[in-house]
Amino acid sequence: MAPEPPLLTMSGITKSFPGVRALDGVDLEVQAGEVHCLLGQNGAGKSTLIKVLAGAHQPDDGEITWRGSPAVLKSPITAMRLGIATIYQELDLVEGLSVAENVFLGHEPTSAGFVVRTGAGRTAAAALLRRLGHPEIDPARPVGELSAAQQQIVSMARALSHDVRLIVMDEPSAALDPDEVANLFRIVASLTADGVAVVYISHRLEEIRRIGDRVTVLKDGRAVAVGLPAESTPTRDIVAMMTGRNVEYVFPPRPDAVPAGSGGEPVLKVEGLTRKGEFAPVDLELRPGEIVGLAGLVGSGRSEILETIYGARRATAGQVTVAGRPLRPGSVRAAVAAGIGLAPEERKAQALLMLESVTRNVSVSSMSRFSTGGWLNRGAERKAARAATRELSLRPDNPDTPVRTLSGGNQQKAVLARWLLRGCRVLLLDEPTRGVDVGARAELYAVIRRLADEGLAVLLVSSEVPEVLGLADRVLVLREGHVVHTADARELDEHRVLDLVMEGSPTS
């Protein structure tokens, strides 16, 4: 008998966005009833590939074959009708609707073709929830009242409400505790036993070993390995395939001497800082002139730690102290007054006033300096902003330029200039070079190192391990909200960090 053709074949898939080739001739082959694991570092192209498979992105080139026949996935509806369901890491549920309404959204049970049968929907949803091992979830309950793990189950029920033959699961265990992960694996095993294929995306290599049949590895938009056996391929080989980048990192040299002021008292002290469900107790000290890096994968708690220190999130427990004075928890105003500045990951949405000038973006945290009796001294504001941006070589050298017209690198410089003008002592940097081209990266690296050399204390988060190792003096490695390792940056390499973030444990 001739072998069964693959359930899904993606050949030579290419997808570009302005200035970026996200996928460059990627191949993927999935058999019915298998768990095919898709691996790669952040930015490797995994999300773009699954959005092509889900019909959310149209490929620029390449072919897709579904159950032996060519397929064009024009939209998510097209993909779903063929039997392809995608459960994204960021769940796309409607919190105001009930569980049953979410499960059957878009294909509600009806009478006479148009009257929605609410009771029938709840009954069918309850049957799906029992199949998934969660009969306790009430189909009539609003989804917004459920836990993250329960919402994950509702998303799976929605996928199974269709005649699904392939389910894509993007980091499905990220918000689950060990018991919930065990139930997830039971669900996956049940699905594959029924012939349903699962494309499983995870950074956790121990999960791949437990449930994966084959592995495809992406790096820089290319498939560097297709269909490797999950159980027998050495972890070191998988990590090696995931590392290495086309982007060249040009880092300024670290000072040979001890960083300025690092022998004195910490300017920032974090003791037992905890936020339930996001990160376990964290202890760290940051001295003037020091750059400390937080390395970890998305969901490891890196950004949440920065935002909690900054007061944008309220800690469950623990204390943040700046220059010996405790900060009021959950208060951005108190953090800024104490000398803490944050350059967030999403600078356009969270840091910049996109319709305003460079001057206003730089001065916005220091307006009291330029106000007297309710009147704003625009000349003084403009002069101070220009001095701050010139110190960072922001281009063009015109403080009246709308910030929305700047490149990514210069927009980031505008955020840094804001905190320079404010005179902050501790700078929190979350993904400082995201969306920045290679040349501007090198400039930003030089700026960050120079600011540290002048005595600024820097706490840095980056998804790019070479960036953390190249900039930081010390590194804290995070995994699932726990600090699993702390070391001088010179003692680590990329392979070691990836080993720790994927297979380390809080007790290692």
Would you check if the side chain of [X] reaches a backbone N or O of [Y] as a donor-acceptor pair within less than 3.5 Å?
X: T48; Y: A22; answer: no
X: Q412; Y: P432; answer: yes
X: T65; Y: G68; answer: no
X: T14; Y: G25; answer: yes
X: K46; Y: L218; answer: no
X: D283; Y: G272; answer: yes
X: R418; Y: N361; answer: yes
X: S161; Y: V103; answer: yes
X: E145; Y: P142; answer: no
X: Q411; Y: V403; answer: yes

Nearest heavy atoms of [X] and [Y], plus distance in Å:
X: S98; Y: A140; value: CB-O, 3.6 Å
X: Q150; Y: E136; value: NE2-OE2, 4.3 Å
X: E467; Y: L460; value: O-CD2, 4.3 Å
X: V475; Y: A489; value: CG2-CB, 3.9 Å
X: T274; Y: A280; value: OG1-C, 4.2 Å
X: G45; Y: L23; value: O-CD2, 3.4 Å

Taking 4.0 angstrom as the limit, do R275 and E304 come out as a salt bridge?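 No.
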
- Message: Under 4.0 Å between a side-chain nitrogen and a carboxylate oxygen: does that hold for R302 and E345?
- Response: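 Result for this pair is no, no salt bridge flagged.
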
Do other residues, nucleotides or ligands put more than 12 heavy atoms under 6.0 Å from [X] [atom1]?
X: R141; atom1: CZ; result: yes
X: R404; atom1: CZ; result: no
X: I77; atom1: CD1; result: no
X: Q319; atom1: CD; result: yes

Walk me through it: do I305 and L478 pass the test side chain to side chain contact (heavy atoms under 4.5 Å, CB included)? CA-CA 11 Å; I305 290 171; L478 291 160; 3.9 Å; yes

Distance, nearest 0.5 Å, that separates [atom1] of [X] from [atom2] of [Y]:
X: L355; Y: L352; atom1: CG; atom2: CG; result: 11.0 Å
X: Y200; Y: T192; atom1: OH; atom2: OG1; result: 12.5 Å
X: R81; Y: K74; atom1: CZ; atom2: NZ; result: 11.5 Å
X: E34; Y: L166; atom1: CD; atom2: CG; result: 9.0 Å
X: Y88; Y: L93; atom1: OH; atom2: CG; result: 13.0 Å
X: I201; Y: E207; atom1: CD1; atom2: CD; result: 12.5 Å

Within a strict 4.5 Å, meaning less than it, do heavy atoms of the [X] and [Y] side chains meet?
X: L129; Y: I153; answer: yes
X: L228; Y: M241; answer: yes
X: R479; Y: S300; answer: no
X: L416; Y: L429; answer: yes
X: E494; Y: L498; answer: yes
X: I84; Y: W66; answer: yes
X: L284; Y: R474; answer: no
X: V26; Y: K15; answer: no

Residue of the set V199, L38, L191 for which side-chain contact (heavy atoms from CB on, under 4.5 Å) holds with M169:
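Of the listed options, the one satisfying the test is L191.
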
Which is it for H36 and T216 under the side-chain hydrogen bond (donor to acceptor under 3.5 Å, both in side chains) test, yes or no, and what are the steps along the way? CA-CA 7 Å; H36 197 115; T216 290; 2.7 Å; yes

One pair to check against side chain to side chain contact (heavy atoms under 4.5 Å, CB included): S16 and R21. What are the steps and the verdict?
CA-CA 4 Å; S16 295; R21 174 159 284 199; 3.4 Å; yes

Trace of the side chain to side chain contact (heavy atoms under 4.5 Å, CB included) decision for F279 with V483 | CA-CA 9 Å; F279 56 88; V483 177; over 6 Å; no

task = Could you please spell out the steps behind the side chain to side chain contact (heavy atoms under 4.5 Å, CB included) verdict for K51 and L73?
result = CA-CA 10 Å; K51 285 179 180 177; L73 306 177; over 6 Å; no

